[in-house]
Amino acid sequence: RRMNLYHYRTVESARKEIECRTFRYADRNELNDPLEGYAQIYWKGDCPAWEGLFRNYICSVYYAIVGIQLNASEELLAERAVIPDIHCFDDVPLGQVWKELSDRFVQTALVQKLIVDLGNTEIEMNAYRLRQILRLCHEDAIKICLDDMHKRKTLPGEQGGPVVSISEKVDWEKTGGFGNLESPLIKMMKAAFEVYEETLESSFLKLEQEIEANEPNARKRRLWLKVRLGFPALYIAGLQELPYPRMFMMCFSTDGTNSAMWGNYAQNHCGVCLVYRANEENGKQTLRVKTAESWSSSSGYSCGFRDDPVYPVRYTDEQVKRNFFESLGRLTFSQIESWMVSSKGERSRILELYDKDAWRVQYWKDQQEKYLTKLPAWSHEQEYRLLMNDSFHQHTEAERYVGYDPAILEGVIFGIKTSEADKMQIFRTLRKSMEEAGRDPKELEVWQAEYDDETRKISLRKRHFPIW
């Protein structure tokens, strides 16, 4: 069964799509819903796994402080908040620095207790709980990093400010366990954390005012605040992105008469809707698009058309749920080991999962499912998607424009308020593009969207324009 897929566009974006005969695959950050591509990541591991996370944490803190010294932007700090492999500098002096810092950090009384408690609990630590825990030991990490930098004279003494380690003044053996969510310690942490979050937000707003007023050093002070106080949140956001590579998507609907989509995506009914015809292959709908088939060092990529599956979106309140420690499939095995092997050589039992075929199948299935799941509030869009995976190659902006076979373009629908001048622009662009591709533009269908008083819905009337 062949299916029509509808792509709502502004007039200008439709003209580009027709003229270049390309689809542009969007990053999830460009889409309307911030929950696009979201997976519910939690943390549950044994002692070697938790030790690996805390070692990674202090190395990432150190790296962020270096970034401030090099005038890195906030965007770059966030992008590189997590170091995938803390052994990547083992062959240069920085590798030894990181080893010494991480040894000191995991040997503090607080982190030792955290590793034991968290490594022996059955509780799944979500992002909110983990942020509380990292906030608790963050001052220790900052102090260790700044002390080392001041000692090596790689950071001026006045930078970073004084650091007071609260954890050194607490007897952690008498405070109860971190693995029990009902313990007085956890309840106290939650209350303190809420106050801290409000204070931090107020501080960032005040610094934003200073930046707008061109106060000297306001931007640098904001960066320091990001690392000194806000780094646990940056780090966890990075952890949530680490398990899977990016994926880009091209979105269609199976409904060309939805008034909300005409309003949202097609210039308030002044735009157009391009209609594509999908083919059915082995029970799946496909669209014929141009993709890389081979690569050579002399000529680069060789491209050709192939039928790519277009997947239906599932509308549900359920989200993909993954244990972080079991979801590092995009890393090499040696990089995974940097998270899972303790300083004493004790290997996490989780490492055994990464050799199992069933784990691989589920891992990649969950990655795809992340981008094919939306909340029920979006179900009116009846969406289908083409997907582009960043697993083996990081696509540039230009590479996200993918050619489509002109034969799949079925026609165009004009909106209720599309002007005659814009219709003529679309007609001219269609004629020129189809003739360049060797296709007769008269093969295309043209519809006019209209409001039907009887059904109180948008209906489509096929039009026969002599303009061709």
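Note that the coordinates shown come from a computational prediction; the quantities given were computed from them, not determined experimentally.
- Counted by atom type alone, His138 and Tyr57 present one or more donor-acceptor pairs between their side chains at under 3.5 Å.
- Annotation: Glu397, atom CD; neighbour count of heavy atoms from other residues, nucleotides and ligands within 6.0 Å is above 12.
- Of the charged side-chain nitrogens involved, none lies within less than 4.0 Å of a carboxylate oxygen, so that Lys457 and Asp452 do not count as a salt-bridged pair.
- Using a 30° and 60° split on the angle between ring planes, Trp359 and Tyr354 fall in the tilted class, from 30° to 60°.
- Taking the six-membered ring for Trp and the full ring otherwise, Phe23 and Tyr404 have centroids separated by under 6.0 Å.
- A donor and an acceptor atom, one from each side chain of Asn32 and Tyr265, are located under 3.5 Å apart.
- A donor-acceptor contact shorter than 3.5 Å links the side chain of Arg28 to the backbone of Glu36.
- A 6.0 Å sphere centred on CG of Asn29 holds more than 12 heavy atoms belonging to other residues, nucleotides or ligands.
- Salt bridge present: Glu383 and Arg385 bring a charged side-chain N and a carboxylate O closer than 4.0 Å.
- No side-chain donor from either of Ser253 and Asp255 sits under 3.5 Å from a side-chain acceptor of the other.
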Chi angles and distances behind the side-chain hydrogen bond (donor to acceptor under 3.5 Å, both in side chains) call for Asn56, Ser60: CA-CA 6 Å; Asn56 186 282; Ser60 297; 3.1 Å; yes
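- A cation-pi contact, defined as under 6.0 Å to the ring centre and within 45° of the axis, links Lys423 to Phe414.
- With respect to the salt-bridge test (charged N to carboxylate O, under 4.0 angstrom), the residues Arg21 and Glu436 qualify.
- Other residues, nucleotides and ligands place more than 12 heavy atoms under 6.0 Å from the OH atom of Tyr276.
- Residues satisfying the side-chain contact (heavy atoms from CB on, under 4.5 Å) test with His269, not counting sequence neighbours, are Ser259, Trp262, Ile416, Lys417, Ile458.
- Closest of all the heavy-atom pairs between Glu445 and Trp447 is CB-CH2, 3.3 Å.
- Formation of a donor-acceptor pair under 3.5 Å by the Arg400 side chain with backbone atoms of Ala26 is not found in this model.
- Within a 6.0 Å radius of CZ in Arg80, no more than 12 heavy atoms belonging to other residues, nucleotides or ligands are found.
- In terms of modelled atom types and a separation under 3.5 Å, the side chain of Asp27 and the main chain of Glu30 share no donor-acceptor contact.
- Checked against the 6.0 Å centroid threshold, Phe325 and Trp339 do not count as a close aromatic pair.
- With Ser433 contributing its side chain and Ile18 its backbone, the two residues share a donor-acceptor pair below 3.5 Å.
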Assess the residue pair Thr22 and Val402 against the criterion (side chain to side chain contact (heavy atoms under 4.5 Å, CB included)); give the C-alpha distance rounded to whole Å, side-chain angles, the decisive distance to 0.1 Å, and a yes or no. CA-CA 5 Å; Thr22 57; Val402 176; over 6 Å; no
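- Counting only N and O atoms by type, the side chains of Asn323 and Trp43 include no donor and acceptor under 3.5 Å apart.
- The backbone N or O of Gly271 lies less than 3.5 Å from a partner atom in the side chain of Thr418, making a donor-acceptor pair.
- Counted within 6.0 Å of NZ on Lys16, heavy atoms from surrounding residues, nucleotides or ligands total 12 or fewer; the atom is thus considered open.
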Might you work through the side chain to side chain contact (heavy atoms under 4.5 Å, CB included) test for Val272 and Thr10, ending with a clear yes or no? CA-CA 6 Å; Val272 301; Thr10 65; over 6 Å; no
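- Tyr42 carries Lys321 over the face of its six-membered ring, with the cationic atom under 6.0 Å from the centre and within 45° of the normal.
- Considering all non-hydrogen atoms of both residues, Asn258 and His380 come closest at ND2-O, 3.5 Å.
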